[in-house]
2 protein chains.
Amino acid sequence: MKKAVEILNKSNIRPTLQRINILNVILKYKNHMSAEDIYKILQRETPTISRATVYNTLNLLSKNGILAEVITPDSVRYDYVEKFHHHFYCEKCKKVYDIHDEFSVPNIKKIDGHIVKNIQYCIVGICKNCLNGGE
Amino acid sequence: MKKAVEILNKSNIRPTLQRINILNVILKYKNHMSAEDIYKILQRETPTISRATVYNTLNLLSKNGILAEVITPDSVRYDYVEKFHHHFYCEKCKKVYDIHDEFSVPNIKKIDGHIVKNIQYCIVGICKNCLNGGE
DNA sequence: ACCTCTTTTAGACATTGTCTAAAATTATTA
DNA sequence: TAATAATTTTAGACAATGTCTAAAAGAGGT
Ligand SMILES: [Mn+2]
Ligand SMILES: [Mn+2]
Ligand SMILES: [Zn+2]
Ligand SMILES: [Zn+2]
């Protein structure tokens, strides 16, 4: 597991305790978690952590390309991406699955005069597990 | 403007007053509105309309292929689509723009054992208008 | 130590969406 | 028509997700 501090330093982000903890949660659980998920997990160890810090930090890390924002119909999930891939969202259990098929995504910086900052597939359906009765 | 009643009848959906009103709002304003937007508009004329009815109806119309669900980072928007197209979401003003460039989207029914019900691009950035100061 | 800039905190607030039990409406049967 | 059954709507509580602000805390430079 890569060191959170190194990752932050490389992007010139001051490695505060809170930022390290937030990043470590993502590096440890590889679950495509929402900000709320991460907030709840951190609260167990550090009850003083602020919701605002979690949201601010996740935004900061995304803007610096450290995390990918995975857009789903109910929340944004965060992913530390080492190799590019797509995602599948199950509308039943709300889990996000990695998809390693290489669908191409247009590489555009601008369209119709709008600046594109993020383009991704949103693939929604019912997952394998839920189809089999889900546990 | 197509008749809401006709559209509902064609899909064998009982054309109740509420459903007609909801569909008419979408046909009239072509704004990629959220359920909440539609709810607020209807409340002005019919204060007894229920939030649950709006959400239930939009789900029903989507499941029947009458409306497209446009997924954005903050809400699902509804679109009556006559000609297929993509969408751009401005993270500043939260407006959704039609994109008529024909990026291809993989036509998959299943992937890794998961059933795909909906696949779309999610294109996020800053719109033309906001780049020019917004208004 | 002092000043400044950055970061975090606490908590209110806003927005979006789900759920349920009761009421109202519509369709079917007798 | 009257009784019954099925569908639809309502009201409002609740849950989940995200934003905002003013004050406090912390870090770095002089
Ligand atoms: Mn992933
Ligand atoms: Mn559209
Ligand atoms: Zn599932
Ligand atoms: Zn904009």
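Chain naming here is simple, since letters A, B, ... match the order of the sequence lines and numbering starts at 1 in each.
Within the structure, a side-chain polar atom (N or O) of A/Gln18 is placed less than 4.0 Å from OP1 or OP2 of C/dT9. For C/dT7, one of the phosphate oxygens OP1 or OP2 lies less than 4.0 angstrom from a side-chain nitrogen or oxygen of A/Arg19. The shortest distance between the side-chain N/O atoms of B/Thr16 and the OP1/OP2 oxygens of C/dT25 is not below 4.0 Å. Between D/dT10 and B/Arg51, no contact under 4.0 Å exists linking OP1 or OP2 to a side-chain N or O. Dashed line: the shortest gap from a side-chain N or O of B/Thr53 to OP1 or OP2 of D/dT10 is under 4.0 Å.
Atom P of nucleotide C/dT16 and atom CG of B/Asn59 are separated by 16 Å, given to the nearest angstrom. Here C/dC19 presents its C1' atom at 13 Å from OH of B/Tyr55, a figure rounded to the nearest Å. Rounded to an integer number of Å, the gap from CG of A/Leu58 to P of D/dT19 is 11 Å. Between the CG atom of B/Asp74 and the P atom of D/dT19 there is a distance of 9 Å, given to the nearest Å. Across the protein-nucleic acid pair, A/Ile38 atom CD1 and D/dA16 atom P stand 17 Å apart, rounded to whole Å. Regarding A/Ile22, its CD1 atom lies at a distance of 7 Å from the P atom of C/dT8, rounded to whole Å. Look at CG on A/Leu42: it is 14 Å from C1' on C/dT8, rounded to the nearest Å. Put simply, CD1 on B/Ile49 is 11 Å from C1' on D/dT8, counting in whole angstrom units.
For residues 114-134 of chain B, every residue pair satisfying the ring pair (Phe, Tyr, Trp, His ring centres under 6.0 Å) rule, not counting sequence neighbours, is listed here: A/Phe88-B/His114, A/Tyr97-B/His114, A/Tyr121-B/Tyr121, B/His86-B/Tyr121.
Applying the ring pair (Phe, Tyr, Trp, His ring centres under 6.0 Å) rule to A/His32 yields the partners A/His87; only residues at least two apart in sequence or on another chain are considered.
In terms of position along DNA chain D, the nucleotide closest to B/Arg14 lies nearer the 5' end than the nucleotide closest to the other residue of the pair B/Ser50 and B/Arg14. The 5' end of DNA chain D is approached more closely, in terms of each residue's nearest nucleotide, by B/Ile13 than by the other of B/Ile13 and B/Pro47.
With hydrogens and angles disregarded, no donor-acceptor distance shorter than 3.5 Å links the side chain of A/Thr46 to the backbone of A/Thr48.
Listed nucleotides C/dG17, D/dC20, C/dT8 differ in distance to B/Ala35; the shortest reach to its side chain belongs to C/dG17.
A/Phe103 and A/Ile99 make their closest contact through CE1-CG2, 4.4 Å (heavy atoms, listed as atom of the first residue, atom of the second, distance).
A side chain to side chain donor-acceptor pair (under 3.5 Å) with B/Asp98 holds for exactly one of B/Lys30, B/Lys83, B/His85; it is B/His85.
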